[in-house]
Amino acid sequence: MFKRNLKGLLLPMSFVPNSVRVRIAPSPTGNLHVGTARTALFNYLFAKGQGGTFILRVEDSDQERSKEAYVHNIFDSLRAIGIEWDEGPDVGGPKGPYSQMKRLPLYQEYANKLVDAGLAYKAYETSEELTAQREAAVQSGEQDYKYQRPTPEVLAEQQANPTRQPSIRFAVPADRGHVVYQDLVRGEVSIDSNLAGDFVILKSDGTPTYNFAVVIDDMLMEISHVIRGEDHISNMPRQIMLYEALDSLNLLKSPMPAFAHVGMILAPDRSKLSKRHGATAVSDFVAQGYLPEAFCNYMALLGWSPPEGKEIATLDGFARQFKLEKIAHSPAIFERDKLNWFNGQYIRQMTPDTFFAIAKPFLSAEFDLAQYDKPTLVMMLDAVRNNLTTLSDISETVDYFFKTDVVQNSEMVQSVLMTEEGQNVLATFERDFLPKADFSSPEALATTMKDFIESQKPLKTKAVMWPIRVALSGRTHGADLSKTLYILGTDRVKDRIASARQRVVSSS
RNA sequence: GCCCCGUUCGUCUAGUGGCCUAGGACACCUCCCUUUCACGGAGGCGGCAGGGGUUCGACUCCCCUACGGGGUACCA
């Protein structure tokens, strides 16, 4: 039994995987990038929607730039946004190892087989020589430089030199013509295989190049669908030719996967999202006070939209509706506004206790929480969270509950307190409200407050509340006033009202 | 330069030849609610890059131009 796969290769039926296997293959040369995270998310949604397997593979073959710390950041970030892998370096799995540096013998084995079969060969030029050749070609006005195989004489000379460590290059078949494949998101894509010359598959230090490693790894890990960024489209001819070469040698261990290239994520200036735009790593956003779930939810909607229309949903909810064909073809711009909105939605969705637990680290980083008991802190946070965009907004929203001196220096503040009207309100508040106010519960305070506002008619509500609010918090808006009074407690309220009255007298 | 991919409101998108006087979301504006601010609710503003075809009929199909992105490595 045979099945014709996308490229038209004939493959035994036993190769056809009975389940979806996808992977995300980040290289630990930095913290988990937003773009990589989104790709991981799409892979994950597809896998979960299909009942498939999601694999994490670490592409650490770039020894210069790979760092262990980044590996941990990638793991943590992925898990933070709710993505768990079924196979990976830390959890193991049947197709391991899952780090490329541990797979070196595999690449070398396959590279050697290609050499033995004459489909690849050893090349002895140094990188310096190659760079020089490339530059010379550009100088002389040559349009596109291609690697030139050395003449037999030169080759013999190179081989005779024991200091030269050979790399292995794949011999691009001269007559291969256009490589055509069906992209699951874009449809038919056709690229001339002869644009690039023979390419390196194994570097002289024995590590594989990206194009070779992915093919070997995807094949050995029996990946069924490769979902990745569109920056990889131009690699398709090389990878397809590699699959073809392997197949011609009967070395293909699983059929060539299907490919889906998704549009990239761009910065607001339409360039690639990079450090100069600020945060680029998932962990950067988390540190800024974005909830991983909200962040993930936002990312899911970059280049894809749920057919059912509901934009806020869990990963499982999205997975049910996820279709590769529905992924957008064009790049998406990463815009903060909508992310902020999602974050606010998630902040408001939580129970007060959950919110307290999540917000606490952001609070305790700034203030000493010991003066309040937990129920009070929960109330405090619950009272302000409707106003929050990110978790890091919390400290400035509640600072007047912790600081001893209330800052009252803005123009607006002065204009509220320095008026005769404002002063009268404060005087009346001090005289009528404070003595009879019951500070034992916010509810009791709310009732008294209502009465007080009523008693100040025809003054508008704002005219009554603002001077009080400014005296207590240094700002014209904030948490529910009765809760503010309750949390502050009778002593601090009295002090702040009194000092507000004094301060104004002295400065007016 | 060359090759590849792309182009619907400011942004994310729905739309696969007639359902489109182009739908939704964010942002923005207005109003309502309200113990402030916010949240929430109701409205509004705003778009098929341009030009040629094909067709009885194009946002949808084809071609060209413009613009954007990606690639052009012993990086991934």
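Letters go in sequence order (proteins before strands), and every chain restarts at 1.
- Distance, A/Leu273 CG to B/rU11 P: 16 Å, rounded to whole Å.
- In this structure, A/Phe46 and A/Ile227 have side chains that are in contact, with non-hydrogen atoms separated by less than 4.5 Å.
- Put simply, OH on A/Tyr107 is 11 Å from P on B/rA76, counting in whole angstrom units.
- When the P atom is compared between B/rU30 and B/rU7, the two are found 35 Å apart, to the nearest whole Å.
- The residue A/Leu195 sits close only to the backbone: its heavy atoms come under 4.0 Å of sugar-phosphate atoms, none of a base.
- Comparing B/rA58 with B/rC20, their C1' atoms are spaced 11 Å from each other, to the whole Å.
- At the heavy-atom level, A/Arg385 lies nowhere under 4.0 Å from the strands shown.
- Rounded to a whole angstrom, the distance from the P atom of B/rC4 to that of B/rU65 is 13 Å.
- If you take atom C1' in B/rC56 and the same atom in B/rC29, they sit 43 Å apart, rounded to whole Å.
- For the pair A/Asp337 CG and B/rC28 P, the interatomic distance rounds to 7 Å; values are reported in whole Å.
- When heavy atoms are screened at a 4.0 angstrom cut-off, A/Thr131 is found touching no nucleic acid atom at all.
- Nucleic acid contact class of A/Gly309 (heavy atoms, under 4.0 Å, all strands): none.
- With hydrogens and angles ignored, no donor-acceptor pair under 3.5 angstrom links the side chain of A/Asp231 to the base of B/rA76.
- Atom P of B/rA73 sits at a distance of 33 Å from the matching atom of B/rU11, rounded to the whole Å.
- Across all strands, A/Leu130 comes closer than 4.0 Å to base atoms (heavy-atom distances).
- Rounded to a whole angstrom, the distance from the P atom of B/rC9 to that of B/rC48 is 7 Å.
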